[in-house]
Structure formats: C-alpha cells, structure tokens
Amino acid sequence: MTTTARTAASDVKDLSLAAEGRRRTEWAERSMPVLRLLRERFTRERPLAGRRLSACLHVTTETANLAVTLQAGGADVALCGSNPLSTQDDVAAHLVKDHGIKVFAIKGEDHATYYEHIRAALAHRPDITMDDGADLVGALHMIALNRLDDLAPPVRRWVETLSGADRKALVAGVAGSTEETTTGVIRLKAMARDGVLQFPVIAVNDSDTKHLFDNRYGTGQSTLDGILRATNLLVAGSTVVVAGYGWCGRGFALRARGAGANVIVTEIDPLKALEAQMDGYRVLPMAEAARVGDVFVTLTGNTHVLRVEHMRAMKDGAVLANSGHFNVEIDLDGLKQAAQGPTRVREFVDEWRLGGKRVFVLADGRLINLAAAEGHPASVMDMSFANQALAAEHVVRHARELTKDVHRIPRELDAEIARLKLAAMGVAIDTLTPEQQKYLASWEMGT
Ligand SMILES: NC(=O)c1ccc[n+]([C@@H]2O[C@H](COP(=O)([O-])OP(=O)(O)OC[C@H]3O[C@@H](n4cnc5c(N)ncnc54)[C@H](O)[C@@H]3O)[C@@H](O)[C@H]2O)c1
C-alpha cells in the first residue's frame with residue numbers, strides 16, 4: 001500500500017494528518033476529566049515504568065488519550081486496531097508523530113493487514129496486553145496451545161520463525177491482560193472455564209462504570225449517530241427493530257424511541273424480553289418483526305441473528321446495521337449467495353437485490369458506530385478508559401496474587417471512578433448520617 005507511512009515502529013496511513021488528529025484528541029480530552037486526573041497521578045508515580053504494553057483497541061481520539069495516559073505512567077505502548085474499519089487515521093498519525101507511540105492501524109485495512117498489525121503488537125513482546133474483543137489474547141493462546149493452524153497467516157508465519165523457547169517466553173512474559181467488551185469477556189470466561197487461560201485478565205466490561213454507561217448510553221447514541229451519518233434517514237415515524245435487549249440494545253432502543261421511532265425488540269432471553277415489553281416496546285420474534293421493520297440493528301454479540309429468511313420477508317428498501325462486536329450478526333455470506341450485489345450507493349451503504357426487493361447493508365455489517373461515526377462520546381469513554389488504566393496498574397501491582405482467571409477491578413476503584421465523574425460533572429450527593437448507617441447495619445428494628 002503506497003499511501004501508508006510504514007516504518008518498523010509503526011504503520012499508519014499518512015503522518016501529515018497528525019495535526020488534525022492532535023486537535024481532535026485534545027477536543028476529546030476536554031470531556032475526559034477522570035482520565036486526566038489519572039494521567040496526572042501516573043505522571044508523578046509512574047506505576048507502569050519499564051512495562052511494555054500492547055493494546056488492540058479502536059484507534060479513536062479517546063483511545064489516544066488512554067495511550068498517552070499509559071505512556072505517562074511509564075509504559076512503552078504499541079497499539080493496533082481492534083477492527084479494520086474503526087481506525088481514525090489522523091489519530092494514528094498524531095500518536096506516532098507527537099508521542100512516539102508505535103501504532104499499527106489503517107482504516108479500511110484488509111484482513112491480512114489487520115493481522116499483520118496484530119503480529120506487530122505481539123512482536124512488541126508485551127508484559128501487559130489490552131484487548132477489545134480478545135483478538136490479541138486469542139492469538140497468544142493459539143501460540144501457547146501450539147494451534148498454529150488457527151492463527152491468521154501473517155501471525156502464523158511469524159510464529160513459525162520463533163523457537164519453541166521463544167514462543168513460551170512470549171506467552172509467559174505476559175503478566176496479565178485487560179478486556180474492554182462483552183464479546184471479549186465471554187470468550188475469556190470460556191477459556192478460563194476450559195482451564196486454558198494462561199494469565200489473569202481484568203474484565204473492564206464488568207465494571208459498573210463501564211457497561212452501565214459505555215454500553216448503554218455510548219452505544220445507544222453513537223449507533224444512532226452512525227446510522228444517520230451513513231443514511232441521513234428520518235427516524236421519526238419509522239419502525240426500528242432492535243435485536244438484543246442487553247446493555248447496548250437498551251441504550252439504542254431508548255435513543256431510537258427518543259428520535260421518534262416505533263421500536264420493536266427481539267430477544268431470546270425471557271427476562272430481557274419481559275423487561276423490554278414493560279419498558280413499553282413491542283416484542284416480536286424476528287420472523288415477524290422482519291415484515292414490518294424499516295431499519296434493523298443487531299446488538300447481541302451472537303451470530304446470524306439476521307438471516308436470509310428474514311431478509312426475504314423484509315419490505316423493499318429495508319436498512320440493516322450491526323453494532324455488536326463482530327461482523328457475524330448479519331449473515332452476509334448467506335446474503336452473498338442468495339442476492340445480487342453489492343452496489344455501493346453511498347459511502348457505507350451497499351444495495352443488495354433479493355427476490356425483486358432491495359435491502360441496504362451498512363458498513364459491511366461491522367460496528368456501525370465506529371465505522372460510519374466516531375464511536376462513543378469521550379465523556380463515557382472517560383470512565384471506560386479510567387477503568388483500563390486502573391486495570392493495567394492493578395495487573396502490575398497484583399500480578400503475583402491474581403489467579404489465571406477473569407477478574408473485575410475492585411469495587412472500591414469502580415466506585416471511585418463514579419465519585420470522580422460526579423465531581424467533574426459538578427453533581428453532589430448525600431452521605432449517610434451515623435443514624436442511617438446504624439439503621440442499615442441493624443436487624444433488630446422492625447415495625
Ligand atoms: N458498538 C459498540 O461500540 C459496542 C460497545 C459495547 C459493546 N459492544 C458489543 O455489543 C454486543 C452486545 O453487548 P451487550 O453489552 O449489550 O451484551 P449483553 O449480554 O448485555 O446483551 C446481549 C443481548 O442479546 C441477546 N441475544 C443473544 N442472541 C440473540 C438473538 N439471536 N436474538 C435476539 N437477542 C439475542 C441476549 O439475550 C442479551 O440480552 C457485544 O458484542 C459487545 O461486545 C459494542
């Protein structure tokens with residue numbers, strides 16, 4: 001790729017974009033007061049001094065603020081993208097040019113380049129890894145388990161050049177990892193259950209100050225933003241079908257309703273379905289929702305939630321988008337076989353012709369909020385990335401006691417992030433009086 005600025009220490013699109021990346025990163029920083037406070041402390045205390053940290057995250061302005069915070073804490077940071085479409089090229093350039101951070105990420109990179117960048121992050125020989133979707137940790141585990149055939153070719157070819165001792169040292173060198181998203185945590189818990197997890201992992205997603213805000217309000221707003229930027233459709237009066245009523249689905253359903261849509265929820269979990277029903281949404285099986293929806297959005301973390309049988313039942317012109325982590329929620333392979341297309345009708349919008357009707361798939365079924373918009377607003381990423389920075393510090397401080405399992409950061413740290421966020425927002429709350437403390441701790445008092 002001739003347009004890229006590739007050196008041994010980085011591979012980004014164009015270093016001349018750095019100034020714009022810096023301006024946008026500084027704009028995000030204004031809404032990240034908790035991370036700023038942490039950066040100040042990290043600069044003084046250097047808790048990550050001498051550590052090599054490889055992060056596989058969406059390369060956005062918020063991630064840039066995290067990377068700089070980790071660097072301020074003393075870490076030698078390498079960063080690769082966690083999705084081929086989510087990199088902001090100006091931000092990647094800014095991190096390389098202004099901070100000397102090793103970045104391997106280009107928006108729109110092909111599958112081989114994506115994995116070449118994962119390889120580069122592994123070749124950094126990290127003491128700590130940071131993941132969003134467990135691609136880095138997944139590769140490390142295939143190496144540990146000697147399942148080289150399961151590695152993507154760029155990683156496999158590199159691993160084959162390493163001696164057995166070198167491969168062992170690569171995995172054994174990792175003191176611990178952190179994981180950002182639901183899908184990654186599910187994968188890691190499965191590894192722990194199967195007894196194959198090689199090092200402790202902190203599930204950042206499990207912090208209350210992460211999923212209650214990032215997944216719900218961040219995904220809610222930015223998913224709508226991505227769909228609107230890609231299509232400029234009118235939401236008011238349209239019927240939006242939300243697949244999955246977990247944290248992300250709840251947030252998106254709320255925002256779609258707020259913009260005037262009639263919202264239908266599909267679920268497989270009776271409790272979540274009941275919650276959606278009582279929250280005032282219509283709950284239907286996808287086979288029925290398919291006939292009435294105008295816009296369909298998957299937020300389940302599951303595979304093939306929207307299948308060809310559903311697409312055949314849809315109205316002419318239905319729009320399909322995904323905001324779950326991987327691009328497997330819409331069955332695009334099935335669509336490719338059954339339909340004619342794609343025709344690119346607008347950036348991020350592909351038209352497919354299926355049985356005399358058209359369906360429009362946004363952003364190749366990849367995370368619409370990161371592909372067509374800018375991902376979550378900085379204010380929610382402030383809390384998610386405060387969790388990430390504290391999780392990295394926790395791994396360093398407690399590597400010896402942490403078992404090879406999936407942990408959450410201590411609840412006191414989670415509560416501290418909420419306290420700092422409230423303070424930054426200028427919101428004061430009450431404290432328990434001594435009488436109330438006693439009352440809540442007692443069991444003798446009754447009616
Ligand atoms: N777009 C983003 O920026 C972003 C941000 C955070 C999380 N995520 C990803 O979004 C996905 C959802 O995350 P979450 O935190 O909401 O998870 P969650 O576990 O809270 O919710 C997922 C919901 O989907 C439901 N579901 C599963 N299979 C389904 C099916 N076939 N049909 C209908 N519903 C089904 C589950 O019952 C559950 O209620 C994950 O892949 C996560 O990694 C994306």
Side-chain angles (χ1 to χ4, degrees), residues 56-60 62-63 81-83 85-86 131-135 179-189 203-208 210-227 241-255 264-277 279 281 283-290 293 296-307 309-310 321-331 362-363 365-378 380-381 383-385 387-388:
C56 177
L57 300 171
H58 302 297
V59 182
T60 62
E62 295 78 20
T63 301
S82 56
N83 185 295
L85 276 187
S86 64
D131 250 319
D132 186 338
D135 277 350
E179 172 53 52
E180 171 78 4
T181 199
T182 317
T183 285
V185 172
I186 290 171
R187 281 171 144 194
L188 291 159
K189 285 185 177 162
V204 163
N205 190 68
D206 288 358
S207 294
D208 289 338
K210 201 283 183 178
H211 62 263
L212 285 173
F213 304 96
D214 168 317
N215 300 32
R216 182 164 42 172
Y217 299 114
T219 312
Q221 178 171 314
S222 61
T223 299
L224 189 62
D225 184 19
I227 293 167
V241 178
V242 180
Y245 201 63
W247 291 110
C248 295
R250 286 183 187 104
F252 175 65
L254 196 64
R255 292 296 169 254
I264 294 175
V265 169
T266 72
E267 252 298 345
I268 45 96
D269 179 331
L271 200 71
K272 302 278 179 59
L274 187 60
E275 188 184 353
Q277 178 76 17
D279 283 346
Y281 302 107
V283 176
L284 289 176
M286 186 58 86
E288 287 176 42
F296 295 79
V297 185
T298 50
L299 306 105
T300 69
N302 205 343
T303 188
H304 292 180
V305 176
L306 278 177
R307 299 183 290 276
E309 74 222 47
H310 302 132
N322 167 53
S323 210
H325 188 78
F326 286 117
N327 60 337
V328 295
E329 304 210 13
I330 302 172
D331 179 10
L362 307 189
R366 296 193 187 275
L367 295 156
I368 186 63
N369 60 332
L370 281 142
E374 294 170 67
H376 295 5
V380 284
M381 294 316 292
M383 291 187 280
S384 307
F385 285 167
N387 272 285
Q388 282 285 8

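Remember, it's 1-based here, ligands and their atoms both numbered in the order they're listed.
Of the protein's heavy atoms, H325 N, 3.6 Å lies nearest to atom 9 (C) of ligand 1. Remark: minimum distance from atom 37 (O) of ligand 1 to any protein heavy atom is reached at E267 OE1, 2.8 Å. Counting protein heavy atoms only, atom 22 (C) of ligand 1 is closest to T300 O, 3.6 Å. In this structure, atom 29 (C) of ligand 1 lies nearest to the protein heavy atom I268 CG1, 3.5 Å. For atom 18 (P) of ligand 1, the closest non-hydrogen atom on the protein side is G246 CA, 3.9 Å. In this structure, atom 4 (C) of ligand 1 lies nearest to the protein heavy atom T219 OG1, 3.7 Å. Among all non-hydrogen protein atoms, the one lying nearest atom 1 (N) of ligand 1 is S323 O, 2.8 Å. Closest to atom 15 (O) of ligand 1, if we only count protein heavy atoms, is T182 OG1, 2.7 Å.
Here CD of E180 is found 11.5 Å from SG of C56. Values are rounded to the nearest 0.5 Å. Put simply, CG on L57 and OG1 on T63 are 5.0 Å apart, with the number rounded to the nearest 0.5 Å. Considering OG of S82 and NE2 of H325, their distance stands at 5.5 Å, rounded to 0.5 Å. Taken from CD in E329 to CG in N322, the straight-line distance is 4.5 Å, to the nearest 0.5 Å. Distance OH/Y245 to CG/L271: 12.0 Å, rounded to 0.5 Å. Rounded to the nearest 0.5 Å, atoms CG (L362) and CG (L367) are 12.5 Å apart.
Taking distance alone, with nitrogen or oxygen atoms compared against 3.5 Å, N302 approaches ligand 1 more closely than that limit. Polar contact check, W247 against ligand 1: a nitrogen or oxygen pair lies under 3.5 Å apart. Considering backbone and side-chain atoms alike, N369 places an N or O below 3.5 Å from some N or O of ligand 1. Between T223 and ligand 1, not a single N/O pair is under 3.5 Å apart.
Shown in contact with T266 at under 4.0 Å from a heavy atom are these atoms of ligand 1, numbered in order with element: 33 (C), 34 (N). Near K272, meaning under 4.0 Å from one of its heavy atoms, ligand 1 places the atoms 38 (C), 39 (O). Near T181, meaning under 4.0 Å from one of its heavy atoms, ligand 1 places the atoms 6 (C), 7 (C), 8 (N), 9 (C), 42 (C), 43 (O). Which parts of ligand 1 touch D269 is read off a 4.0 Å heavy-atom cut-off, strictly below it: atoms 37 (O). Near G301, the atoms of ligand 1 lying under 4.0 angstrom from a non-hydrogen atom of the residue are 11 (C), 40 (C), 41 (O). Close approach of ligand 1 to L367 (heavy-atom distance below 4.0 Å) involves ligand atoms 1 (N), 2 (C).
Not a single heavy atom of H211 sits closer than 4.0 Å to an atom of ligand 1. Using a 4.0 angstrom heavy-atom cutoff, H58 does not count as in contact with ligand 1.
The closest non-hydrogen atom to atom 40 (C) of ligand 1, taken over L306, D132, T183, comes from T183. Looking at G220, C248, A276, it is C248 that brings a heavy atom closest to atom 16 (O) of ligand 1. Compare G375, S384, G324 by their heavy atoms: the one nearest to atom 10 (O) of ligand 1 is in G324.
Contact check for D206 versus K189: side-chain heavy atoms found under the 4.5 Å cut-off.
With a 4.0 Å cut-off on non-hydrogen atoms, H376 touches ligand 1 through its side chain and not its backbone. With a heavy-atom cut-off of 4.0 Å, I368 does not touch ligand 1 at all.
Side-chain polar atoms of T181 and N205 form no donor-acceptor pair below 3.5 angstrom. Looking at H58 and S86, their side chains do bring a donor and an acceptor atom within 3.5 Å of each other.
Remark: Q277 engages V283 in a side chain to side chain contact (heavy atoms under 4.5 Å, CB included) (not counting sequence neighbours).
With hydrogens and angles ignored, the 3.5 Å screen pairs a side-chain donor or acceptor of T219 with a backbone N or O of N215.
Of the options D132, D135, D131, a salt bridge (Lys or Arg N to Asp or Glu O under 4.0 Å) to R187 is made by D135 and by none of the others.
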Residues V297, T223; criterion side chain to side chain contact (heavy atoms under 4.5 Å, CB included); working and verdict: CA-CA 9 Å; V297 185; T223 299; 3.9 Å; yes
CA sep, side-chain torsions, deciding dist, call: E267, E275, side chain to side chain contact (heavy atoms under 4.5 Å, CB included): CA-CA 10 Å; E267 252 298 345; E275 188 184 353; over 6 Å; no
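Nearest heavy-atom pair across R255 and Q221 is CG-N, 3.9 Å.
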